[in-house]
Amino acid sequence: MVNYKDLGLVNTREMFKRAVAGGYAIPAFNFNTMEQMQAIVMAAVETKSPVIMQVSKGARNYANATILRYMAEGAVAYAKELGCAHPEIVLHLDHGDSFELCKDCIDMGFSSVMIDGSHLPYEENVALAKKVVEYAHQFDVTVEAELGVLAGVEDEVSAAESHYTKPEEVIDFATRTGCDSLAISIGTSHGAHKFTPEQCTLVNGVLVPPPLAFDILHEIEKKLPGFPIVLHGSSSVPMDEVNTINQYGGKLEAAIGIPEEQLREASKSAVCKINIDSDSRLAMTAAIRKHLAEHPGDFDPRQYLKPARENMKKMYIHKIVNVLGSDGKLAE
Ligand code: G3H
Ligand code: 13P
Ligand code: ZN
């Protein structure tokens with residue numbers, strides 16, 4: 001049993017309280033590789049931002065759970081080495097699908113877990129989230145739960161169609177589960193293909209997707225004033241990265257994300273955690289494809305992973321400063 005506090009990590013409680021009050025959101029970036037971890041830490045340190053580093057079940061399968069835990073511990077040490085005396089780094093389980101997985105992460109040093117029972121019947125979702133909260137809170141680990149189902153398909157996270165969160169359920173759910181934050185469904189979805197072109201409107205040659213359901217978000221805020229709300233599926237799928245990928249041999253068709261202005265607007269509300277994974281994948285792939293196309297003789301992974309890391313860092317800084325507004329928001 002390892003407690004996250006001994007690893008220099010923090011839970012989400014204080015940073016969410018400040019983010020809701022301050023009208024900004026904390027970035028939650030997924031990581032599977034050392035380069036992603038380094039880029040996240042460099043970006044958070046340079047911008048003086050708290051940051052959530054999150055690990056999915058798929059990431060645990062890819063990289064090994066123990067290695068990722070040590071990487072998070074290393075992230076704290078690295079942030080200090082880069083000059084940040086008191087980094088605020090959360091190690092969070094993304095889309096935990098069972099009590100056992102959440103318990104395993106808590107026992108190995110995670111400071112926050114998500115229990116995603118959103119696909120379950122309501123009462124089963126409540127019971128599962130409550131069980132995880134009861135275990136997690138013994139160790140001061142914070143818990144994110146989810147109500148409503150996001151559309152979209154990813155390796156381990158799939159839901160064929162979305163169901164918006166019902167505002168009339170949120171008070172009962174938050175009260176009975178005791179969860180610390182609530183992920184809601186208001187029109188975002190996972191992956192790089194969030195909307196079909198048919199769902200979008202063509203404005204000046206750009207496909208603009210339908211707006212997020214801000215009316216539902218505001219209703220939820222009224223029911224749960226000041227309660228931390230989480231948005232999953234919040235990559236904006238930048239066209240320049242998609243174009244670079246396609247220019248250098250990729251084949252990403254009809255990739256459409258959430259416009260950043262809408263995420264900026266959401267950040268000013270009770271939305272205090274915004275999940276971004278696909279944009280990091282796009283930034284990494286675009287840089288690697290470009291490098292290898294321009295330097296066909298290169299075969300040392302450092303030659304193409306270095307620009308990939310730089311490109312991800314640039315993207316993380318952009319999100320923190322221009323979209324979420326968490327720059328300069330460290331406690332000390
Ligand atoms: O929400 C899902 C995250 O993007 C993680 O994706 O399960 O493919 O690691 P993954
Ligand atoms: P994106 O696929 O939009 O990056 O969403 C990531 C996410 O929600 C992780 O939980
Ligand atoms: Zn998600």
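Note that the coordinates shown come from a computational prediction; the quantities given were computed from them, not determined experimentally. Read the numbers this way: they start at 1 and go in the same order the structure lists the ligands and their atoms.
- The closest approach between Arg281 and ligand 2 stays at or above 4.0 Å for every heavy atom of the residue.
- Looking at Asp279 next to ligand 2, no N or O pair under 3.5 Å apart turns up.
- Listed by number with element, the atoms of ligand 1 under 4.0 angstrom from any heavy atom of Asp94 are 1 (O), 2 (C), 3 (C).
- In terms of polar-atom proximity, His232 is not counted as a contact of ligand 1, lacking any N or O under 3.5 Å from an N or O of the ligand.
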**Prompt:** Between Glu14 and Arg18, does a salt bridge (charged side-chain N to carboxylate O under 4.0 Å, His left out) hold up when you go through it step by step?
**Reply:** CA-CA 6 Å; Glu14 288 307 313; Arg18 300 198 312 265; 5.6 Å; no
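- For His190 and His95, the gap between ring centers is short of 6.0 Å.
- Distances below 4.0 Å separate heavy atoms of Ile276 from the following atoms of ligand 2: 4 (O).
- Under 4.0 angstrom from ligand 1, there are no non-hydrogen atoms of Asn275.
- Which of Ser189, Gly58, Ser56 comes nearest to atom 9 (O) of ligand 1 through a heavy atom is settled by distance: it is Ser56.
- Between the side chains of Asn30 and Ser56, not a single donor N or O lies within less than 3.5 Å of an accepting N or O.
- For ligand 2, the atoms sitting less than 4.0 Å from at least one non-hydrogen atom of His190 are 2 (O), 5 (O), 6 (C), 7 (C), 8 (O), 10 (O), numbered in the order shown with element in parentheses.
- The angle subtended at the Zn ion (ligand 3) by NE2 of His190 and NE2 of His95 is 100°, given to the nearest 10°.
- Side chains of Gln54 and Asp277: a donor-acceptor N/O pair is absent below 3.5 angstrom, by distance only.
- Tyr135 and Asp107 share a side-chain donor-acceptor pair at under 3.5 Å.
- Nearest-residue assignment for atom 8 (O) of ligand 1 (options Gln54, Arg281, His190; heavy-atom criterion): Arg281.
- Residues Lys273 and Asp180 are not paired through a salt bridge, judged by the lack of any N-O separation under 4.0 Å between the basic side chain and the carboxylate.
- Looking only at N/O/S atoms, His232 comes nearest to the Zn ion (ligand 3) through ND1.
- Under 4.0 angstrom from ligand 2, there are no non-hydrogen atoms of Thr188.
- Nearest-residue assignment for atom 5 (O) of ligand 2 (options Gly233, Ser235, Gly191; heavy-atom criterion): Gly233.
- Both the sub-6.0 Å distance and the 45° axial angle are satisfied by Lys329 relative to the ring of Tyr24.
- The pair Lys130-Glu134 meets the salt-bridge criterion, since a charged nitrogen lies less than 4.0 angstrom from a carboxylate oxygen.
- Ring planes of His291 and Tyr304: tilted class, angle from 30 to 60°.
- Close approach of ligand 2 to His95 (heavy-atom distance below 4.0 Å) involves ligand atoms 10 (O).
- Under the rule for a ring pair (Phe, Tyr, Trp, His ring centres under 6.0 Å), the partners of Tyr316 that lie at least two apart in sequence or sit in another chain are Phe29.
- Contacts between Asp94 and ligand 2, counted as non-hydrogen atom pairs separated by less than 4.0 Å, involve the side chain only.
- Counting heavy atoms closer than 4.0 Å to ligand 1, residue Lys57 contributes nothing at all.
- The residues Lys313 and Glu35 are annotated as not salt-bridged, no charged nitrogen and carboxylate oxygen being separated by less than 4.0 angstrom.
- For ligand 1, the atoms sitting less than 4.0 Å from at least one non-hydrogen atom of His95 are 1 (O), 2 (C), numbered in the order shown with element in parentheses.
- Nearest residue to atom 3 (O) of ligand 2 from His232, Lys194, His193 is Lys194 (criterion: closest heavy atom).
- Proximity of a side-chain donor or acceptor of Gln199 to a complementary backbone N or O of Thr196 within less than 3.5 Å is detected.
- Near Asn30, meaning under 4.0 Å from any of its heavy atoms, are these atoms of ligand 2: 9 (C).
- Against a heavy-atom cut-off of under 4.0 Å, Ser278 is close to the following atoms of ligand 2: 1 (P), 2 (O), 4 (O).
- On a distance-only criterion, Asn30 and ligand 1 share no N/O pair closer than 3.5 Å.
- Using a 4.0 Å cut-off between charged side-chain N and carboxylate O, Glu294 and Lys290 make a salt bridge.
- Neither the backbone nor the side chain of Asn32 comes within 4.0 Å of ligand 1, counting heavy atoms alone.
- Counting heavy atoms closer than 4.0 Å to ligand 2, residue Ser234 contributes backbone atoms (N, CA, C, O) but none from C-beta onward.
- The hydrophobic cluster around Met114 extends to none of the other residues, as no ILVMFWY side-chain heavy atom falls under 4.5 Å of it.
- Remark: ligand 1 atoms within the under-4.0 Å shell around heavy atoms of Asp277 are 3 (C), 4 (O), 5 (C), 6 (O).
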